[in-house]
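Below, read A as the first sequence line, B as the second, and so on, with proteins coming before strands; counting in each chain starts at 1.
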Amino acid sequence: MSEARSRRPEFENVAAGSREAFAAWVDGAPDGRVFGQVITRPAKPFGYSLRHTDDARAAGLRVSEDPRAAREIAKLTEGGDYRPLKSSPNLRRGWEIRVADARGLVTAMNYLYPAGVVHWYLNREGRLDLTSFRENAARQSGIYKRVQRLSDEGVQGAVLACCEDAVCLKKTLWDIDEDTPLEVDRGEGEIPCPEPCSIFVSFARRVRLFEREKDVDGLSPSEREDLSALIEAAATGEVGFAREAEFEQPLNERRMRYRRLTLVPKLRRNG
Amino acid sequence: MRALVIVGHGSHLNEDSSLPVYEHAGRIRETGEFDEVVECFWKEEPSMRHVLDTVESEEVYVVPAFISEGYFTQQVIPRELGLRGPVSRKGMKTVRYAGPLGNFEGMPDVILERTDDLMRAREVSGRTALVLLGHGTDLNKNSGGVVYLNAGRIRERGIYDLVEVGFLDQTPEIGRVVDGVEAENVILIPLFIAEGWHTRETIPEDLGLTGGVTVRDEKTIYYGAPVGTHPSMANLIAARARETMMEQHLV
């Protein structure tokens, strides 16, 4: 994060400020505010209610009065798969959390969308520090150091595959570097993304490995591997996807989204 | 106000990795010693990069839920949290960074509690060896050093006939240690933070373990859960933070 760009007053308690601002924002909308896939509204007499947006009017929900119950809710999808990225649009339904006050509201939100409230607040105030892909890559070490060599085109492709609203509900605010903006739809939601996350860096590493491959007869070895795996799986009548962040596996959704961008045009062109 | 931030490795692939961090945080929260207890991770959210923005307290204690001093505790965690040493000023916050858990003086007690839990109500005869199992790596000697350190501290107490060490990724290799140890009973305790691929799959497979208790070649091997998941680790984490307070008073 460049010091020169930081517009944050050094001695503000942003956590406390964001709690108050978020509660006031929710208080101002009796019908509720949508944050990611959560609708939250002031609810007398107990304070605030949080639900899945698709359950806004549902009855018979499992009610909890512990804001930390949000952690278990956020952990697994409806189908029982682990959710390594809390802003993926796969939050499960069927629950309601009732909290007494703003502190409980933000505690629950921080399990549903970690650091989402404070980023929302800072962004709204025009004071959210952004970290570009190149700044983020420059500090990587170990197995992630290779993302420093990812091309600009590779970053664009990785963002389209990894960060669009179809797979992540955050609004992507960072760019490739100060002079190279991302040419993507940055998303519609309320939760800002100020910096490439660890899931993105892991995916970027995978894309960098793709970039280093050499085509043989028009296809790279991993493209061949992915097509074979897809055909084999589809031939069984059921395509079982790899886990959400299992980017080394051919049938990973984000990996397939990247193939759609890069491999499908290549196949059509060659055909 | 005073906050404890526990840093875990976390995982992109399974929920086991972060579970002990959440559980220990919950236990420490219940004691009321800290106004805030917050979890953060390398591979999960909230990330180390952003966690401090979610903390309201001015006094912040960061304890890494890592066994060994090494790449993560010396390089990744300070870099990601923006720390400059044991004490860093960040705006209105004073952030004190504690060392890892494995070399802390309370660690042998947690290991022994784990062995007590494992061996409670079991009657054993003959010689008993405690074998501490570390991950180890040839890339960093500290990774293995902490396993030797704890073995030495437990050996001094004279509880077991033998206290040995073995590793997955450096010598002495764990399989050879278990096969070669001259005792009828072998208590095997992984010095790992969480259950995972190694503790559930590679270790039992490599050692031919059939469960918690495996009898073979006139040896009975008692395989314990990783030390990091023991409830007493919560006390160790809080004590680690407390020690950092004391050190600062001395300064």
To the nearest 0.5 Å, what is the distance between [atom1] on [X] and [atom2] on [Y]?
X: Glu45(B); Y: Leu112(A); atom1: CD; atom2: CG; value: 11.5 Å
X: Tyr82(A); Y: Ser17(B); atom1: OH; atom2: OG; value: 7.0 Å
X: Arg49(B); Y: Asn136(A); atom1: CZ; atom2: CG; value: 7.0 Å
X: Ser57(B); Y: Asn13(A); atom1: OG; atom2: CG; value: 8.5 Å
X: Cys197(A); Y: Glu44(B); atom1: SG; atom2: CD; value: 12.0 Å
X: Met109(A); Y: Thr54(B); atom1: CE; atom2: OG1; value: 15.0 Å

Work out which heavy atom in Tyr71(B) is nearest to a heavy atom in Gly142(A); give both atom names and the distance.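 Scanning both residues completely, I find the closest heavy atoms to be OH-N, 3.4 Å.
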
Item to check | Heavy-atom closest pair, residues Pro114(A) and Pro46(B) | outcome: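 Heavy atoms of Pro114(A) and Pro46(B) come nearest at CB-N, 3.5 Å.
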
Using a heavy-atom cutoff of under 4.5 Å, enumerate the residues of residues 5-16 of chain B that contact chain A, numbered in order, or state 'none'.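 Ser11(B), His12(B), Leu13(B), Asn14(B), Glu15(B) fall under the 4.5 Å cut-off.
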
Please flag which part of Ser47(B) lies under 4.5 Å from any non-hydrogen atom of chain A: side chain, backbone, both or neither.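 For Ser47(B), there is no contact with chain A at all, as no heavy atom is under 4.5 Å.
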
Decide if atom [atom1] of [X] counts as having more than 12 heavy atoms of other residues, nucleotides or ligands within a radius under 6.0 Å.
X: Arg149(A); atom1: CZ; answer: no
X: Arg176(B); atom1: CZ; answer: no
X: Glu65(A); atom1: CD; answer: no

Q) Under 3.5 Å, side chain of Arg139(A) to main-chain N/O of Arg79(B), donor-acceptor pair present? A)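 Flag not set: sc Arg139(A) to bb Arg79(B) has no pair under 3.5 Å.
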
Task: Most contacts with chain B, counted as non-hydrogen pairs under 4.5 angstrom, among Glu246(A), His119(A), Arg71(A) - done: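 It is Arg71(A).
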
Quiz prompt | Largest heavy-atom contact set with chain B, pairs under 4.5 Å, which of Pro194(A), Pro84(A), Ala15(A) | solution =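 Going by pairs under 4.5 Å, I would pick Ala15(A).
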
What part of [X] gets closer than 4.5 Å to chain B, counting heavy atoms only: side chain, backbone, both or neither?
X: Gln140(A); answer: both
X: Leu76(A); answer: side chain
X: Lys86(A); answer: both
X: Tyr121(A); answer: neither

Requested in this report: Check the pair Lys43(B) / Ile199(A) against side chain to side chain contact (heavy atoms under 4.5 Å, CB included), numbers first and verdict last.
Outcome: CA-CA 7 Å; Lys43(B) 293 208 144 191; Ile199(A) 295 279; over 6 Å; no

Could you point out which residue of Val55(B), Leu52(B), Val51(B), Asp53(B) forms a side chain to side chain contact (heavy atoms under 4.5 Å, CB included) with Val118(A)?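 Checked Val55(B), Leu52(B), Val51(B), Asp53(B) against Val118(A); only one passes side chain to side chain contact (heavy atoms under 4.5 Å, CB included): Asp53(B).
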
Using a strict 4.0 Å threshold on nitrogen-to-oxygen distance, state whether Glu56(B) and Arg19(A) make a salt bridge.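 Salt bridge flag = yes for Arg19(A) with Glu56(B).
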
* To do: State, without any angle test, whether Tyr111(A) and Glu39(B) hold a side-chain donor-acceptor pair at a distance under 3.5 Å.
  =>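 Yes, because at least one side-chain N or O of Tyr111(A) sits under 3.5 Å from a partner of the opposite role on Glu39(B).
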
Determine which residues belonging to residues 163-176 of chain A lie within contact range of chain B, meaning some heavy atom pair is under 4.5 Å apart, and list them by number or answer 'none'.
->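 Residues Lys170(A) are the ones that qualify, each having a heavy atom under 4.5 Å from chain B.
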
